Amino acid sequence: MKTIDELLSEGVAGKRVFVRADLNVPLDGTAITDDGRIRAVLPTVKALAAAGARVVVASHLGRPKGAPDPAFSLGPAAARLGELLGADVAFATDTVGESASSTVAGLADGQVAVVENLRFNAGETSKDDAERGAFADRLAALADVYVGDGFGAVHRKHASVFDLPARLPHYAGYLIATEVGVLKKLTDDVKRPYVVALGGAKVSDKLAVIDQLLGKADRILIGGGMAYTFLKAKGYEVGSSLLQEDQIPAVQEYLERAEKSGVELVLPVDTLVAGEFPDMKAKAPGNPDTVAADAMPAGKMGLDIGPETRKLYASKLADAATVFWNGPMGVFEHPDYAEGTKAVAQALLDSPGFTVVGGGDSAAAVRTLGFDEQAFGHISTGGGASLEYLEGKTLPGLAALED
């Protein structure tokens, strides 16, 4: 895989460089609530612009239905990129149409443009190779060189991720190079003890990675909504907590495998419960109770790990040489149910080992809860991509960057 440093050494002045970024930021109307993914691509964009490239940045945002939708416009992301660069960033109001062509044609050396949401075009996400390829052909007409730097999308077989690199000289940007280097530390040459903390809502999202980690990790800590399927698999009452009944047989098998293989699979010993899901807009107090994990009342739902579990998980992370964390421990967006996620984040900071926050909601939680991002070993920009890499899957966007 060639990197951007090799591209820069070859010279990019005057060349149109297509940067497939991940600007899929959360929006409240047109206000960006977390610009972490925009900041993540800055080193690549800055280096190319400084070397005289004419930089064309492209990304998806959200899940529009293959047609323009103002709610998913990249306009706010383009404006924020310009603020962070301290330079004007041109914005094309389409992806491969007249606006994109004229905007890119108008770039001078060292200038940057952003084209509109790639997913406004059905060809971007099409499962038909010919339709996807035709869209990639139109994207290729905008550039001379391709730089892949949207790690959060490399697990998708989309036109701008998989098909376009085959049509242009291609290189990995700084973000992708960093992400791959970090993930290799979690798979190829792991320092031990290796502890994994998994949370989030659905256990089905994590089963494949748990399957792989049962042969690699020393300890796996389970929290978030997915924990209640594990607790149910042990025969506990989980009330009205989030539960995936159909996953119980698989979870029971993993519990047995963990015991046989000597992997510590650690479940909550207590949990915060309430009668209903909290009001996320008003942030009104939910008056939660703390109960033992094996004594949950039938009419209550679990919303965070309890204080004894926080202590337990901190102790299991204290001597870790390598830590991977993906998924919050509770409904961290509400102050009543943020303490479990805070405790795990703090335990990572206190750990002497190499700590990786695996993207998605975990990365958002770190920023939302006020932690210093620089204090962690690495915060990934792609939760789904990170998990699929750890599952051992071939990621189309990485395979496309290989020579």
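Computed from a predicted structure; not experimentally measured.
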Glu116 side-chain N/O to Leu74 backbone N/O, donor-acceptor pair under 3.5 Å:
yes
Tell me, please, which residues at least two apart from Thr103 pass side-chain contact (heavy atoms from CB on, under 4.5 Å).
Ala90, Ala92, Ser99, Ala113
Is there side-chain contact between Thr44 and Asp149, with at least one heavy-atom pair below 4.5 Å?
yes
Enumerate the salt bridge (Lys or Arg N to Asp or Glu O under 4.0 Å) contacts for residues 92-114, please, sequence neighbours excluded, ordered by first and then second residue.
Arg54-Asp109
Any pair with a residue in residues 263-280 that passes side-chain hydrogen bond (donor to acceptor under 3.5 Å, both in side chains), sequence neighbours left out, goes on the list, sorted by first then second residue, please.
Arg219-Glu264, Tyr228-Thr271, Glu264-Lys316, Asp270-Thr309
Considering residues at least two apart in sequence or located in another chain, which fulfil the side-chain hydrogen bond (donor to acceptor under 3.5 Å, both in side chains) criterion with Arg167?
Asp137
Pairing residues for Ala321 by the side-chain contact (heavy atoms from CB on, under 4.5 Å) criterion, not counting sequence neighbours:
Lys191, Pro193
Check: Ala343 main-chain N/O paired with Gln346 side-chain donor or acceptor under 3.5 Å:
no
Going by an N to O cut-off under 4.0 Å, is there a salt bridge joining Asp188 and Lys184?
no
Not counting sequence neighbours, which residues clear side-chain contact (heavy atoms from CB on, under 4.5 Å) with Pro26? List them please.
Thr33, Asp34
Flag the pair Trp325 / Leu348 as yes when at least one side-chain heavy-atom distance between them is below 4.5 Å, and no otherwise.
yes
If you compare all heavy atoms of Ser261 against all heavy atoms of Leu214, which two are closest, and at what distance to 0.1 Å?
OG-O, 3.9 Å
Listed by chain and number, what are the side-chain hydrogen bond (donor to acceptor under 3.5 Å, both in side chains) partners of Asp205, not counting sequence neighbours?
none
The complete set of ring-ring contact (aromatic ring centres under 6.0 Å, His included) pairs with one or both residues in residues 351-379, sequence neighbours excluded, reads none
Qualifying side-chain hydrogen bond (donor to acceptor under 3.5 Å, both in side chains) pairs, either residue in residues 238-249, two or more places apart:
Ser204-Gln244
Residue list, side-chain contact (heavy atoms from CB on, under 4.5 Å) with Val251, at least two apart or on another chain
Val203, Leu207, Thr229, Phe230, Ala233, Leu255
How about Asp372: does its CG atom have over 12 heavy atoms from other parts shown lying under 6.0 Å from it?
yes
Look only at the side chain of Asp144 and the backbone of Arg16, and say whether a donor-acceptor pair between them is shorter than 3.5 Å.
yes
What I'd like to find out is whether the side chain of Asn326 reaches to under 4.5 Å of the side chain of Lys206, using heavy atoms alone.
yes
Are the charged groups of Glu124 and Arg132 less than 4.0 angstrom apart, N to O?
no
Is it the case that the side chain of Arg37 and the backbone of Thr381 share a donor-acceptor pair, with hydrogens and angles ignored and the cut-off at 3.5 Å?
yes
State whether the side chain of Ser126 and the backbone N or O of Ala122 hold a donor-acceptor pair below 3.5 Å, judged by distance alone.
no
Under 3.5 Å, is there a donor-acceptor pair between the side chain of Tyr313 and the main chain of Val266?
yes
Test item: Asp289 side-chain N/O and Val273 main-chain N/O as donor-acceptor pair under 3.5 Å
no
Within a strict 4.5 Å, meaning less than it, do heavy atoms of the Leu139 and Tyr146 side chains meet?
no
Heavy-atom closest contact (Val41 atom, Ala21 atom, distance):
CG2-CB, 3.8 Å
Other residues, nucleotides and ligands only: do more than 12 of their heavy atoms fall within 6.0 Å of CD on Glu259?
no
Side chain of Asn117, backbone of Arg119: donor and acceptor closer than 3.5 Å?
yes
Between Pro165 and Ala400, the two heavy atoms sitting closest are CB-O, 3.7 Å
If I compare all heavy atoms of Val161 with all of Val154, which pair ends up nearest, and what's the gap?
CG1-CA, 3.9 Å
May I have the list of side-chain donor-acceptor pairs in residues 56-67 shorter than 3.5 Å, sequence neighbours left out?
{"from": "Ser59", "atom 1": "OG", "to": "Leu23", "atom 2": "N", "distance (Å)": "2.7"}
{"from": "His60", "atom 1": "ND1", "to": "Arg20", "atom 2": "NH1", "distance (Å)": "3.3"}
{"from": "His60", "atom 1": "ND1", "to": "Arg20", "atom 2": "NH2", "distance (Å)": "3.3"}

Kindly indicate, with the supporting measurements, whether the criterion side-chain hydrogen bond (donor to acceptor under 3.5 Å, both in side chains) is fulfilled by Glu333 and Thr368.
CA-CA 8 Å; Glu333 299 92 340; Thr368 299; over 6 Å; no
Taking ring-ring contact (aromatic ring centres under 6.0 Å, His included) as the cut-off, I'd like each qualifying pair that reaches into residues 155-213, sequence neighbours left out, listed once.
none
